[in-house]
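Note sheet for the following structure.
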Amino acid sequence: MFARQTLARASQAAAPCGARNMATLREIELRLKSVRNIQKITQSMKVVASTKLAKAQRAMHAGKQYGIANAEVFAHSSSDSPATNRLFIVISSDKGLCGGIHSAVSKATRRALSNDVDSPLPGQQIDSESPVMIIGDKSKGQLMRPIGQNLRLTFNQIGRDIPSFADAAGVADLIVRSGVKYDSVVLVYNKFVSAISYEPAAMEIKGEQALKDSNAFKAYENEDDATKDLAEFSLANAIFAALTESHACEQSSRYVFSPILALVIFSS
């Protein structure tokens with residue numbers, strides 16, 4: 001008995017002042033349980049994100065066909081007079097927690113309007129007062145202060161799941177009926193590179209007057225309504241292609257950041 005008390009006093013005297021005690025078995029057990037819970041949440045989020053990414057990629061490949069059809073039309077309808085009055089449409093979404101998806105297109109739009117060397121429209125002189133329309137609340141919040149005077153229309157609740165052509169057609173119809181004058185439309189969106197990378201890009205679509213002035217269209221007799229309908233349909237095609245590609249980039253970014261999201265959810 002005396003030996004045990006002496007050993008206990010010796011061990012207490014050997015411990016430095018302010019030293020932390022060893023974790024108990026109960027604390028270790030709780031910590032392991034917490035780690036296992038985070039692992040389960042992470043795995044579940046990765047499975048969900050992987051499924052959504054696969055669906056988004058299929059929709060993107062289908063939507064790209066609309067963009068390819070547009071490119072063929074514009075490739076054979078060159079015009080001698082370059083577009084001077086451009087309307088910018090920024091493609092983002094209402095959702096966050098997906099990396100730098102929204103800031104990438106916002107920064108690309110600002111570089112284009114300021115004629116920066118890293119502009120998505122290299123070699124073209126852009127009017128800094130060009131009208132801007134934004135799809136998605138995230139980029140709207142980022143661009144409201146620097147270029148708020150350029151904003152004409154904003155859209156939200158577009159493509160909350162997978163963008164459809166009906167969404168794109170509705171946006172195109174509102175743009176045409178807005179009364180904003182433009183020679184061409186510049187779509188600023190995220191281009192899908194791979195499942196782990198993307199980059200901001202710009203796509204230019206000719207307006208009604210530019211199609212009328214093109215040499216290819218002058219060779220035929222076209223009614224005004226036909227050219228107007230073609231311009232609106234081409235705009236809807238391009239918006240649909242950009243929406244599906246941006247949605248695929250958003251899902252790929254959410255897939256990459258799913259472990260971080262799991263930690264945020266578990267710690268909140």
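Since the model is a prediction, treat every value here as computed from it, not as a measurement.
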* Asked: Within the side chain of S252, is there an N or O that forms a donor-acceptor pair under 3.5 Å with the backbone of C249?
  -> yes

* Do Y189 and F155 belong to the same hydrophobic cluster, where Ile, Leu, Val, Met, Phe, Trp and Tyr are linked whenever their side-chain heavy atoms lie under 4.5 Å apart, directly or via other members? -> yes

* Asked: CE/M60 to CD/Q65 distance, rounded to the nearest 0.5 angstrom?
  -> 11.0 Å

* Backbone N or O of K138 within a donor-acceptor pair of the S93 side chain at under 3.5 Å? -> no

* Interatomic distance, L153 atom CG to M133 atom CE [nearest 0.5 angstrom] -> 4.5 Å

* Structure fact -> Between V105 and S139 the two heavy atoms that sit nearest each other are CG2-OG, 3.5 Å

* Hey, are S194 and S197 close enough side-chain-wise for a donor-acceptor pair under 3.5 Å? -> yes

* So do L235 and E232 actually touch side chain to side chain, heavy atoms under 4.5 Å? -> no

* I175 versus V180: any side-chain heavy-atom pair under 4.5 Å? -> no

* Asked: Do F88 and L187 come within less than 4.5 Å of each other through their side chains, counting heavy atoms only?
  -> no

* Nearest heavy-atom pair of A231 and G207: which atoms, and what distance? -> CB-C, 4.2 Å

* To do: Let me see the working for I147 and L113 under side chain to side chain contact (heavy atoms under 4.5 Å, CB included), right down to the final yes or no.
  => CA-CA 9 Å; I147 59 169; L113 292 176; 3.9 Å; yes

* Is any side-chain heavy atom of K55 less than 4.5 Å from a side-chain heavy atom of R58? -> yes

* **Spacing of OG1 belonging to T154 relative to NZ belonging to K140, to within rounding of 0.5 Å** => 4.0 Å

* To do: Sequence neighbours left out, what passes ring-ring contact (aromatic ring centres under 6.0 Å, His included) with Y182? Give chain and number order.
  => none

* Remaining members of hydrophobic cluster (4.5 Å side-chain criterion), L30 -> none

* M203 side chain near V186 side chain, heavy-atom distance below 4.5 Å -> no

* **Exam field: side chain S253 to backbone E250, donor-acceptor pair closer than 3.5 Å** => no

* Asked: Is there a donor-acceptor contact under 3.5 Å from the side chain of N85 to the main chain of K181?
  -> yes

* To do: Examine distances only and state if a side-chain atom of H102 and a backbone atom of I91 form a donor-acceptor pair shorter than 3.5 Å.
  => no

* Any sub-3.5 Å donor-acceptor pair from D137's side-chain atoms to D94's backbone N or O? -> no

* Specify the closest pair of heavy atoms between P131 and L87, including all atoms of both residues, with the distance to one decimal. => O-CD1, 3.5 Å

* To do: Begin with the C-alpha distance, continue with both residues' side-chain angles, and end with the deciding distance and a verdict on side chain to side chain contact (heavy atoms under 4.5 Å, CB included) for F192 and E199.
  => CA-CA 7 Å; F192 188 88; E199 61 183 14; over 6 Å; no

* Structure fact -> Between the CD1 atom in I135 and the CG atom in N156, the distance rounded to the nearest 0.5 Å is 10.5 Å

* Asked: Would S130 and N150 count as having a side-chain donor-acceptor pair, cut-off 3.5 Å?
  -> no

* **Crowding at CG, L32 (>12 non-hydrogen neighbours, <6.0 Å)** => yes

* Asked: Do V176 and I89 share a hydrophobic cluster, counting only Ile, Leu, Val, Met, Phe, Trp and Tyr and linking them when any side-chain heavy atoms are less than 4.5 Å apart?
  -> yes

* Mind listing the closest non-hydrogen atom pair of A202 and L121 along with its distance? => CB-CD2, 3.9 Å

* To do: Mind checking salt bridge (Lys or Arg N to Asp or Glu O under 4.0 Å) for D127 and listing every partner two or more places apart, or none if nothing turns up?
  => none

* Give me the ring orientation class for F240 and Y66: parallel if the planes are under 30° apart, tilted from 30 to 60°, perpendicular past 60°. => perpendicular

* Between the side chain of T24 and the main-chain N/O of E27, is any donor-acceptor distance below 3.5 Å? -> yes

* Close side-chain approach of F165 to N237, heavy-atom, < 4.5 Å -> yes

* **Residue pair N190, E245: steps toward the side chain to side chain contact (heavy atoms under 4.5 Å, CB included) verdict** => CA-CA 7 Å; N190 282 306; E245 192 159 4; over 6 Å; no

* Asked: Taking the side chain from D167 and the backbone from I158, do they hold a donor-acceptor pair closer than 3.5 Å?
  -> no

* To do: Run through the side-chain heavy atoms of Ile, Leu, Val, Met, Phe, Trp and Tyr, join any pair under 4.5 Å, and report what else lands in I101's cluster.
  => Y198

* At what distance, to the nearest 0.5 angstrom, does CZ of R152 lie from CD1 of I134? -> 11.5 Å

* Asked: Of all heavy-atom pairs between S103 and Q142, which one has the smallest distance, and what is that distance?
  -> CA-OE1, 3.3 Å

* To do: Return yes if some donor-acceptor pair links the side-chain N/O of S246 with the main-chain N/O of L243 below 3.5 Å, else return no.
  => no

* To do: Evaluate whether atom CZ of R110 has more than 12 neighbouring non-hydrogen atoms of other residues, nucleotides or ligands under 6.0 angstrom away.
  => no

* Structure fact -> When every non-hydrogen atom of G63 is compared with those of T244, the smallest separation belongs to CA-OG1, 3.9 Å

* Are more than 12 heavy atoms from other residues, nucleotides or ligands located less than 6.0 Å from atom CD of E129? -> no

* Determine whether M144 and V132 fall in the same hydrophobic cluster, where Ile, Leu, Val, Met, Phe, Trp and Tyr are linked whenever their side-chain heavy atoms lie under 4.5 Å apart. => yes

* Could you list the residues that satisfy salt bridge (Lys or Arg N to Asp or Glu O under 4.0 Å) with E204, not counting sequence neighbours? => R86

* Structure fact -> Output for pair (S184 OG, I205 CD1), nearest 0.5 Å, gives 8.0 Å

* **Non-neighbouring partners of R145 that pass salt bridge (Lys or Arg N to Asp or Glu O under 4.0 Å), sequence neighbours left out** => none

* Does one hydrophobic cluster hold both V90 and L174, with members joined at side-chain heavy-atom distances below 4.5 Å? -> no

